[in-house]
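Scope of the values below: all heavy atoms of this structure, side chains included, with no hydrogens, waters or symmetry mates. Residue numbers start at 1 and run along the sequence shown.
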Amino acid sequence: MKFYQLKYFLAFILLWAALVVLSPLSASQILDYVLYSFLGVLGAIFANSTGAGGGVIFIPMFNQLAFSELQALATSFAIQCCGMTAGALTWYHHYKSEKTELKLWQGFKRIIAITSVASVAGILAVYAFAVESPASLHYSFSWFSLAIGVFIVASVFLIKPHRERSQLYFYDYIALALIGLFGGVITAWLSVGVGELLAIYLIIRRFDINMAVAAAVIVSAITVWSAIWQYTLVDFQVFWQVVIFAGPGAVLGGIFAKTLVTHLSATRLKLFFATWLLVIGIVGI
């Protein structure tokens, strides 16, 4: 870690500590909630190294802690606003500093723009028209995770290796818009969805794995920010005691996740992602 990076890191830790000290929590409550910092780090590392939302870690945990569905969704969105934003900025800096001239990343901005606009439209439509999930959060999340996990494993073993693509075609734009729209709806219901669907599509289309993850992370970050107002300004449901610890932890995890991705092969990354989804899907069902 370079000196200027160390200074920023120490400043962040001091601000975090000051936030905790100034909160109305007692010393015993702080000890009870401090473990959520590690949950935030873990969730953000997983989310920002695979393109999935941090909800794939947070929602199963909140279900075990007997949060209401609204509390689970709201708290997951709030933590992701911290972790996914940190990851998005880190990935975008990686793109600007190293990938702008790389042919394999030439469609990066267009992918993000199209999918993000459609995703925000989808998530806002759910809130505007009060479109309810077809099942409870627990079962919807479990089945979604299981389906995505199976799909990824199948792609690893059934899709033959091929030279990576760089060009977007007309049908890709249509697919990205649909992924964003339906992914936004699913994200409104589960706090995850659009990032997973986008990453899977780009991987199946054989785009660069790092570009796929980076695009999914940035789209997920934009999407969760478009949703958080529903659980703060409209109907406050955020369990802030958890967010005050898990949120800053998620920031750290979001910053360090990119390093993990760049040291894993595409196959290992996909199998790592799929294994977790299969586990939480099977356990939940």
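- Here the closest non-hydrogen pair linking Val243 and Val238 is CG2-CG1, 3.5 Å.
- Taking all atoms of both residues into account, the shortest heavy-atom contact from Ala88 to Val217 is N-CG1, 3.6 Å.
- With hydrogens and angles disregarded, no donor-acceptor distance shorter than 3.5 Å links the side chain of Gln80 to the backbone of Val224.
- Applying the salt bridge (charged side-chain N to carboxylate O under 4.0 Å, His left out) test to pairs two or more places apart or on separate chains, none has a residue in residues 233-251.
- Taking CD1 from Ile203 and CD1 from Ile209, the interatomic distance works out to 3.5 Å, rounded to the nearest 0.5 Å.
- Each of Val117 and Phe108 belongs to its own hydrophobic cluster when Ile, Leu, Val, Met, Phe, Trp and Tyr are linked at side-chain heavy-atom distances under 4.5 angstrom.
- The CH2 atom of Trp91 lies 9.5 Å from the CD1 atom of Ile218; values are rounded to the nearest 0.5 Å.
- Scanning for ring pair (Phe, Tyr, Trp, His ring centres under 6.0 Å) contacts around Phe58 gives an empty result, with sequence neighbours left out.
- Here the straight-line distance linking atom OG of Ser116 with atom CD1 of Ile111 works out to 11.0 Å at 0.5 Å rounding.
- Residues satisfying the ring pair (Phe, Tyr, Trp, His ring centres under 6.0 Å) criterion with Tyr169, sequence neighbours excluded, are Tyr171.
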request  = Start with the C-alpha distance between His94 and Lys99, add both sets of side-chain angles, then the distance that settles side chain to side chain contact (heavy atoms under 4.5 Å, CB included), and finish with yes or no.
outcome  = CA-CA 7 Å; His94 176 66; Lys99 303 295 184 179; 3.3 Å; yes

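- Residue pairs meeting the ring pair (Phe, Tyr, Trp, His ring centres under 6.0 Å) criterion with at least one member in residues 59-90, sequence neighbours excluded: Phe62-Phe67, Phe67-Phe239, Phe77-Tyr231.
- No continuous path of hydrophobic side-chain contacts links Leu89 to Tyr95 [ILVMFWY only; heavy atoms under 4.5 Å].
- Each side chain to side chain donor-acceptor pair (under 3.5 Å) pair with one or both residues in residues 217-228, not counting sequence neighbours, appears once here: Thr85-Trp225, Ser119-Thr223.
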request  = Begin from the C-alpha positions of Ile222 and Ile112 and carry the test side chain to side chain contact (heavy atoms under 4.5 Å, CB included) through to its verdict.
outcome  = CA-CA 9 Å; Ile222 294 170; Ile112 293 170; 4.3 Å; yes

inquiry  = Could you go through Leu124 and Phe129, starting from their C-alpha distance and side-chain angles, then the distance that decides it, and tell me whether this counts as side chain to side chain contact (heavy atoms under 4.5 Å, CB included)?
reply    = CA-CA 8 Å; Leu124 294 182; Phe129 299 105; over 6 Å; no

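- Within 6.0 Å of the CE atom in Met61, the count of heavy atoms belonging to other residues, nucleotides or ligands does not exceed 12.
- Under the side-chain hydrogen bond (donor to acceptor under 3.5 Å, both in side chains) criterion, Tyr127 pairs with no residue at all, not counting sequence neighbours.
- Atom CZ of Phe236 sits in a crowded spot, with more than 12 heavy atoms from other residues, nucleotides or ligands closer than 6.0 Å.
- In this structure, CD1 in Ile79 is found 6.0 Å from CG in Leu39, a value given to the nearest 0.5 Å.
- The hydrophobic cluster around Val279 extends to Val283, counting ILVMFWY residues whose side-chain heavy atoms fall within less than 4.5 Å of a member.
- With values rounded to the nearest 0.5 angstrom, Gln29 atom CD is found 7.5 Å from Gln241 atom CD.
- Listed by first and then second residue, the salt bridge (charged side-chain N to carboxylate O under 4.0 Å, His left out) pairs that reach into residues 51-74 come to none, sequence neighbours excluded.
- For Thr90 against Gly254, the heavy-atom pair with the smallest separation is OG1-O, 4.0 Å.
- Pairing each heavy atom of Val242 with each of Tyr36, the nearest pair is CG1-CD2, 3.8 Å.
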message = Asn48 vs Phe256, test: side chain to side chain contact (heavy atoms under 4.5 Å, CB included). Steps then yes/no.
response = CA-CA 9 Å; Asn48 290 286; Phe256 295 132; over 6 Å; no

Run the side-chain donor-acceptor check on residues 184-202: report pairs under 3.5 Å with partners two or more places apart or on a different chain.
residue: Thr187; atom: OG1; partner: Gly183; partner atom: O; Å: 2.7
residue: Thr187; atom: OG1; partner: Val194; partner atom: N; Å: 3.1
residue: Trp189; atom: NE1; partner: Val131; partner atom: O; Å: 3.0
residue: Ser191; atom: OG; partner: Ser76; partner atom: OG; Å: 2.9
residue: Glu196; atom: OE1; partner: Gly193; partner atom: N; Å: 2.9
residue: Tyr201; atom: OH; partner: Asp172; partner atom: OD1; Å: 2.4

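- A donor-acceptor pair is defined here as one N or O able to donate and one able to accept, closer than 3.5 Å; such a pair exists between the side chain of Ser37 and the backbone of Val34.
- Leu70 and Val234 fall within a single hydrophobic cluster, where Ile, Leu, Val, Met, Phe, Trp and Tyr are joined by side-chain heavy atoms under 4.5 Å apart, directly or via other members.
- By the side chain to side chain contact (heavy atoms under 4.5 Å, CB included) test, Leu104 pairs with Leu102, Glu164, Ser166, Asp208, sequence neighbours left out.
- No donor-acceptor pair under 3.5 Å is formed between the side chain of Ser133 and the backbone N or O of Ser136.
- Note that CD1 of Ile280 and OG1 of Thr275 are 11.5 Å apart. Values are rounded to the nearest 0.5 Å.
- Minimum heavy-atom separation, Ile114 to Ala177: CG2-N, 3.9 Å.
- Between Gln237 and Gln230, every side-chain heavy-atom pair lies at or beyond the 4.5 Å cut-off.
- Taking Ala47 as the reference, Met84 meet the side chain to side chain contact (heavy atoms under 4.5 Å, CB included) condition, with sequence neighbours excluded.
- Residues Phe182 and Tyr173 fall into different hydrophobic clusters, defined by Ile, Leu, Val, Met, Phe, Trp and Tyr side chains chained together at heavy-atom separations under 4.5 Å.
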Output side-chain donor-acceptor pairs under 3.5 Å for residues 141-152, partner residues at least two apart or in another chain, one line each.
residue: Ser142; atom: OG; partner: His138; partner atom: O; Å: 2.8
residue: Ser145; atom: OG; partner: Phe141; partner atom: O; Å: 2.8

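- The minimum heavy-atom distance linking Pro60 with Ile57 is given by the pair CD-O, 3.4 Å.
- A continuous path of Ile, Leu, Val, Met, Phe, Trp and Tyr side chains, each step under 4.5 Å between heavy atoms, connects Leu65 with Leu25, placing both in one hydrophobic cluster.
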